[in-house]
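Have a look at the structure below before the remarks.
Values below: every heavy atom of this structure, side chains too, minus hydrogens, waters and symmetry copies. Just so you know, ligand 1 is whichever comes first in the structure, and atom 1 is the first atom listed for that ligand.
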Amino acid sequence: MPEKVPDCLFCKIVTGEVPATVVRATERTLAFRDINPQAPTHVLVIPKEHYANAAELASAADALVSEVLLEAHAVAVDDGIAEAGYRLVFNTGPNAGQTVDHMHCHVIGGRQMHWPPG
Ligand code: AMP
Ligand code: ZN
């Protein structure tokens with residue numbers, strides 16, 4: 001199991017060192033509201049263990065990928081947006097705008113969204 005990374009913001013949210021509005025938790029995942037929401041629902045689902053991005057998580061702990069996705073859908077159900085539709089985003093690397101190197105799945109919805117993204 002990977003170590004907690006001392007300077008990682010999301011590891012600190014897992015330990016409670018940094019507060020967050022937690023909406024769901026399982027033994028291995030945590031879901032909390034984004035501090036700078038881009039839509040009425042904007043929640044981040046993370047593995048409690050530190051992985052830098054989605055590919056790293058998938059290669060190290062593939063079952064946990066499914067758990068993150070199931071929790072992302074559960075967030076949408078909880079917020080009443082599952083039927084209307086929602087978007088899952090895994091920013092990976094600088095060109096995608098990844099700012100926190102602890103894998104997270106953005107669950108975004110509650111308004112009409114457009115494709116392609118900017
Ligand atoms: P990304 O740009 O994909 O790395 O997404 C990182 C996300 O983390 C951004 O949408 C931020 O608004 C969000 N964020 C940063 N700090 C916090 C925090 N303390 N609590 C909740 N969300 C945060
Ligand atoms: Zn971390």
To the closest 0.5 Å, what do you measure between [atom1] ([X]) and [atom2] ([Y])?
X	Y	atom1	atom2	answer
Leu44	Ile13	CG	CD1	8.0 Å
Met113	Arg111	CE	CZ	6.0 Å
His102	Ile46	NE2	CD1	4.0 Å
Thr92	Met103	OG1	CE	8.0 Å
Leu70	Thr29	CG	OG1	9.5 Å
Leu64	Thr26	CG	OG1	8.0 Å

Closest protein heavy atom to [atom], given as residue, atom name and distance to 0.1 Å:
atom	value
atom 17 (C) of ligand 1	Ile35 CG2, 3.6 Å
atom 4 (O) of ligand 1	Thr99 N, 2.6 Å
atom 1 (P) of ligand 1	His104 NE2, 3.1 Å

Find all atoms of ligand 1 within a distance of less than 4.0 Å from any non-hydrogen atom belonging to [X], and give their numbers and elements.
X	result
Asn36	12 (O)
Leu9	15 (C), 16 (N), 17 (C)
Phe32	21 (C)
Arg33	21 (C)
Phe10	8 (O)

Are the charged groups of Asp79 and Arg24 less than 4.0 angstrom apart, N to O?
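Arg24 and Asp79: not salt-bridged.
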Option set Asp34, Asn53, Thr92, Thr21, criterion heavy-atom distance to atom 7 (C) of ligand 1, minimum:
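That would be Asp34.
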Closer than 2.8 Å to the Zn ion (ligand 2), what protein N/O/S atoms do you find?
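Under 2.8 Å from the Zn ion (ligand 2) - ignoring waters, which are not counted - the protein N, O or S atoms are Cys8 SG, Cys11 SG, His50 ND1, His102 ND1.
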When you compare ligand 1 with Ile13, is there at least one nitrogen or oxygen pair between them that comes in under 3.5 angstrom?
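No, no N or O pair falls under 3.5 Å.
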Polar contact flag for Gln98 and ligand 1 (N/O pairs, less than 3.5 Å):
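Between Gln98 and ligand 1, no N or O pair is found under 3.5 Å apart.
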Nearest heavy-atom pair of Ile81 and Gly109: which atoms, and what distance?
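Of all heavy-atom pairs spanning Ile81 and Gly109, the closest is CD1-CA, 3.8 Å.
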Passing option when Arg28 is tested against Glu71, Glu49, Glu67 for salt bridge (Lys or Arg N to Asp or Glu O under 4.0 Å):
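With Arg28 as partner, Glu71, Glu49, Glu67 yield a single salt bridge (Lys or Arg N to Asp or Glu O under 4.0 Å), made by Glu49.
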Does the His50 side chain pair with the main chain of Asp101, one donor and one acceptor, at a distance under 3.5 Å?
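At least one qualifying donor-acceptor pair exists.
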Give a yes/no on ligand 1: does [X] have at least one heavy atom closer than 4.0 angstrom to it?
X	value
Gln38	no
Gly97	yes
Phe90	no

Checking contacts here: is it the side chain or the backbone of Val89 that comes within 4.0 Å of ligand 1, counting heavy atoms only? Could be both or neither.
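No part of Val89 is near ligand 1 at this cut-off.
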Would you call the rings of His106 and His42 parallel, tilted or perpendicular if under 30° counts as parallel and over 60° as perpendicular?
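Answer is tilted, since the angle falls between 30° and 60°.
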Evaluate the ring planes of Phe10 and Phe32, with Trp represented by its six-membered ring, and classify them as parallel (under 30°), tilted (30 to 60°) or perpendicular (over 60°).
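The arrangement is perpendicular - the two ring planes meet at more than 60°.
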Less than 4.5 Å apart, side chain to side chain, heavy atoms only: is that true for Asp78 and Val23?
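When only atoms from C-beta onward are counted, Val23 and Asp78 do not touch, as no gap falls below 4.5 Å.
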